[in-house]
Amino acid sequence: MIDAKRRTLLKGSLTAGSVGAAVGAGLLSPQLVLADWNATAFQAKDMSTALSDLMGSDTAETSDQIKIKAPDIAENGAVVPVTVETDLPGVTAITIIAAGNQTPLVASFDLGESAVPFVSTRIKMAKTADVVAVVKADDKLYQNTKSVKVTIGGCGG
Amino acid sequence: MSDIKIRAKMSGDETTVKCLMSHPMETGLRKDSKTGELVPAHFIQEVVCRTKDQVVMNASWSGGVSKNPYLSFKFKGGAIGDPIEITWKDNQGETQSATATIK
C-alpha cells in the first residue's frame with residue numbers, strides 16, 4: 001500500500017509540469033522518471049505476482065462489460081492487434097496481459113479524467129494463450145479473457 | 001525529425017488519437033540469428049500523452065509490445081486545433097517527443 005502511494009506521489013509530481021519540463025529538456029537523469037515504471041510487476045514471471053505488484057491485488061471479478069477485440073487465430077505472434085474497451089464507470093486503469101508469455105504483463109495504461117476507457121495496441125505473444133484485460137474501476141478490479149491461437153510465436157528464441 | 005506519427009481526429013465530443021512510434025522493442029530474450037548471442041533488451045517503458053498540460057494517458061509497457069508500437073486511445077474534452085503531445089522513454093534512457101494538432 002505504501003508503495004502504491006509513493007507511485008501516485010511520483011506521478012503527481014511529474015504532472016505538476018516543472019519536473020516533466022526539466023526531463024524533457026534533458027536536465028534530469030532518466031532514472032528519475034523511470035521510478036514510475038514498476039520493474040517488479042513487469043519482470044514477474046507469473047500473472048498473479050504481476051497483478052498484485054501492479055494493482056495491489058490479484059483477484060479480479062470477471063465482467064462481460066469488458067470487451068477484448070483480438071483475432072481468434074494470429075498467424076504471426078509478433079504482431080497481435082488487441083483492443084480493450086469497457087463501459088464500466090470510473091475506469092482509472094487498463095492492463096493487458098498475455099498469459100503465455102515469459103513475462104506476462106505486456107502493457108498498463110493509466111487513464112486521466114478525460115480519457116475514454118478504450119485502448120488499442122499491438123502485442124507479442126509467445127504461444128497460444130489467453131489475452132487478459134484487467135480494468136480498475138472505482139478501485140475495484142474487473143477482468144475478462146479472450147483466447148488467441150498463435151501459429152508462429154513472436155518472442156524470438 | 002521525429003519518429004512518432006500522430007493522428008488526432010475529433011468526432012462528436014470524443015477525440016481519437018492514433019500513433020505509431022518507431023522503436024525496435026527488444027525483449028532481451030531473443031537471440032541474434034548470426035552470433036547466437038542474446039540481443040540486449042531495448043524497449044519503451046513509458047508513454048505519456050498530454051493535451052494542454054493535462055495528462056490524458058500514461059502507459060507503462062514491457063518488451064511484450066510489438067516492434068514499432070501502435071497505440072490508439074480516446075478522450076473527451078478536446079477541441080479542434082488543440083495540441084496533442086506524446087513522449088516516450090525507453091529502458092536505455094532514450095526519449096522522444098512529438099506534437100500534433102486535433103483535426
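The figures that follow rest on heavy atoms only: side chains count, while hydrogens, waters and symmetry mates do not. A, B, ... follow the sequence lines: proteins, then strands. Residue 1 opens every chain.
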Between [options], which shows the greatest number of heavy-atom pairs under 4.5 Å with chain A?
options	value
T16(B), V17(B), V65(B), L38(B)	V65(B)
S72(B), G77(B), G78(B), A59(B)	S72(B)
E14(B), M57(B), Q54(B), K74(B)	K74(B)

Q) Can you tell which of A98(A), P117(A), A93(A), G112(A) has the highest number of heavy-atom pairs within less than 4.5 Å of chain B? A)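 With the most close heavy-atom pairs to chain B, the winner is G112(A).
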
Q | Max heavy-atom pair count under 4.5 Å with chain B, selected residue of R122(A), E85(A), Q43(A), E113(A) | A |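 The residue among R122(A), E85(A), Q43(A), E113(A) with the greatest pair count is R122(A).
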
(Q) If I take atom NZ from residue K5(B) and atom CE from residue M21(B), how far apart are they, to the nearest 0.5 angstrom? (A)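 Rounded to the nearest 0.5 Å, the NZ-CE separation comes out at 12.5 Å.
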
(Q) For D87(A) versus K67(A), what's the shortest heavy-atom pair and its separation? (A)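 Distance-wise, the nearest heavy atoms are OD2-NZ, 4.1 Å.
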
Q | Closest non-hydrogen atom pair between K127(A) and G100(A), with its separation | A |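 Scanning both residues completely, I find the closest heavy atoms to be CE-O, 3.5 Å.
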
Q: May I ask you to decide whether K52(B) forms a salt bridge with D82(B), counting only side-chain N to carboxylate O separations under 4.0 Å?
A: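 So K52(B) pairs with D82(B) through a salt bridge.
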
Side-chain heavy atoms nearer than 4.5 Å, only ILVMFWY residues, links allowed to pass through others: does that put [X] and [Y] together?
X	Y	value
I97(A)	Y142(A)	yes
Y70(B)	I4(B)	no
V91(A)	F75(B)	yes

Q. Side chain, backbone, both or neither: which part of L111(A) has a heavy atom under 4.5 Å from chain B?
A.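 Both the backbone and the side chain of L111(A) come within 4.5 Å of chain B.
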
Q: Answer with side chain, backbone, both or neither: which region of V82(A) has an atom nearer than 4.5 Å to a non-hydrogen atom of chain B?
A: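 For V82(A), there is no contact with chain B at all, as no heavy atom is under 4.5 Å.
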
Q | Contacting moiety of L20(B), where chain A heavy atoms sit under 4.5 Å | A |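 Contact with chain A is through the side chain of L20(B) alone.
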
Q) Side chain, backbone, both or neither: which part of K18(B) has a non-hydrogen atom closer than 4.5 Å to chain A? A)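 For K18(B), no heavy atom lies under 4.5 Å from chain A.
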
